[in-house]
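A quick write-up on the structure given underneath.
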Amino acid sequence: MKEYQDHDDDMELHTLLSQTIHDWGSIYRCIQLHPHKSRERYYRNESPLQLSLKARERSGDIKKSIGRIDVLRALVDADPSSLHSRDEEGRSCLHTACAAGRSGDILLWLINAEQCQTPPQSNLTLRTDYPGGALPLHTIAACPSFDCTAYASGTPTKHRCHPIISYPIQCKITPDILSAYASSTIIRQAHPHALWDRDCEGETALHAAASWGNVGSVLSLLTGAAVYERDGL
C-alpha cells in the first residue's frame, strides 16, 4: 500500500481527484487512510463526492477491482452529509451526476443512498441557483448527446420553440441513446411530477433535451408524459 506523507496530507485527496486520469485504487486507499478529507471542499465549494462523479471513466477502469462506485461508497461512509452538500451554483451531487452523464446504476445508487439516511432526504426536488431553477431532470435532459449530426457542435438552438419542432426526428438508435434513455427514465420515475416543472426561463426538461439533441432523454420524457396522462397521475 502506498504511504502518504504528512506534508502531502492537505492536498493528497484533492490532487488525486484533480488528475485527468483517475486511479480509483489510490483514491480509495487515500480515503481509507484519511477519512476526514472527505469533508473538505474545493474550487466552487465542490465536495470530493462531486469531483468523483464528474471524473471521466476510461473503458479499462470498469474491469478493475476498485472502481468509481467503491470510491463513492467510501466517501459517503466517511461523510454522509456530502450527499446533500451543494456547490456555489447550488448543485447537489445528483445534479453533478446527471450533468456528467453518469450511468443509471450510479444515479439509482445515489437516490437510494439518500433515502437510507435518517430522516430520508431527496435531492430530486432541489433546484440549482445557476442555471436558474434546474431540477436534476432538467440537468440530465440537457446533457449533450452527439448522436445527431444536426447537433454535432453541441450548441443548443438559439431561439426557444416547441420541443418537437426544434428536434431532429431522424436518427439511428445507438448505445449512447439507449444509455441516456435508461438514465433519464430513472430520474423521471423517481420524481414523475418534474416532467411539468419549469426552470427560471420557463423551460421544461423536454425543452432542454430537444435543444441539446439528447435523443434518449426526449424518448424517455415523451414516454413518461404518455404514461402520466394515461394513468391520470
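Just the heavy atoms: all of them, side chains too, but no hydrogens, waters or symmetry mates, feed the values below.
No donor-acceptor pair under 3.5 Å is formed between the side chain of N112 and the backbone N or O of W109. Remark: side-chain polar atoms of E40 are not paired, donor with acceptor, to backbone N or O of L13 under 3.5 angstrom. Counting only distance, with no hydrogens or angles, the side chain of H207 and the backbone of R198 share no donor-acceptor pair below 3.5 Å. Using a distance-only test at 3.5 Å, with no hydrogens or angles considered, a donor-acceptor pair links the side chain of S183 to the main chain of S179. Side-chain atoms of S220 never come within 3.5 Å of backbone atoms of S217 as a donor-acceptor pair (strictly under, hydrogens ignored). Of the possible polar contacts, one joining the H138 side chain to the E203 backbone as a donor-acceptor pair under 3.5 Å is found. In this structure, the side chain of S211 does not engage the main chain of A208 through any donor-acceptor pair within 3.5 Å. Side-chain atoms of H95 come within 3.5 Å of backbone atoms of S92 as a donor-acceptor pair (strictly under, hydrogens ignored). For R68 (side chain) and A55 (main-chain N/O), a donor-acceptor pair under 3.5 Å exists by modelled atom type. Proximity of a side-chain donor or acceptor of D199 to a complementary backbone N or O of A134 within less than 3.5 Å is not detected.
Using a 4.5 Å heavy-atom cutoff, the side chains of S122 and Q115 are in contact. Here the side chains of N123 and C93 are in contact, with some heavy-atom distance below 4.5 Å. Side-chain contact between L206 and V218 is present, with heavy atoms from C-beta onward closer than 4.5 Å. In this structure, the side chains of R102 and L110 stay at 4.5 Å or more apart for every pair of heavy atoms. H191 is not listed as a side-chain neighbour of L137, based on a closest heavy-atom distance of 4.5 Å or more. In this structure, the side chains of T128 and E89 stay at 4.5 Å or more apart for every pair of heavy atoms.
Y42 and Y130 are not part of a single hydrophobic cluster, where members link through side-chain heavy atoms under 4.5 Å apart. L126 and L49 are not part of a single hydrophobic cluster, where members link through side-chain heavy atoms under 4.5 Å apart. Follow the hydrophobic side-chain contacts under 4.5 Å out from L135 and you never reach L108; the two are in separate clusters. When hydrophobic clusters are built by joining Ile, Leu, Val, Met, Phe, Trp and Tyr residues whose side-chain heavy atoms come closer than 4.5 Å, directly or via intermediates, L107 is grouped together with L195.
Distance check, rounded to the nearest 0.5 Å: CG of L72 to CH2 of W24 gives 6.5 Å. Note that CG of L51 is 11.5 Å distant from CG of L16, once rounded to the nearest 0.5 Å. Separation of atoms CD (E114) and CG (L94) is listed at 5.5 Å; rounding is to 0.5 Å. Once rounded to the nearest 0.5 Å, the distance linking CD1 of I186 with CD1 of I140 reads 8.0 Å. Separating the CG atom in L75 from the CG atom in D79 is a distance of 8.5 Å, to the nearest 0.5 Å. Atom OG1 in T96 sits 4.0 Å away from atom CD in Q50 (nearest 0.5 Å).
In plain terms, the two heavy atoms of S52 and V71 that are nearest each other are OG-CG1, 3.7 Å. Across all non-hydrogen atoms, the minimal contact from A180 to N214 is CB-OD1, 3.5 Å. Nearest heavy atom pair, residue C143 against residue A99, reads SG-O, 3.7 Å. Across all non-hydrogen atoms, the minimal contact from A78 to R39 is O-NH1, 3.8 Å. Between A190 and L124, the shortest heavy-atom contact is CB-CD1, 3.5 Å.
In summary, R44 and D129 do not engage in a salt bridge, as defined by a charged side-chain N under 4.0 Å from a carboxylate O.
Surrounding OH of Y28 are at most 12 heavy atoms belonging to other residues, nucleotides or ligands under 6.0 Å away.
For the side chain to side chain donor-acceptor pair (under 3.5 Å) with E46, the lone residue among R41, K54, R86 that qualifies is K54.
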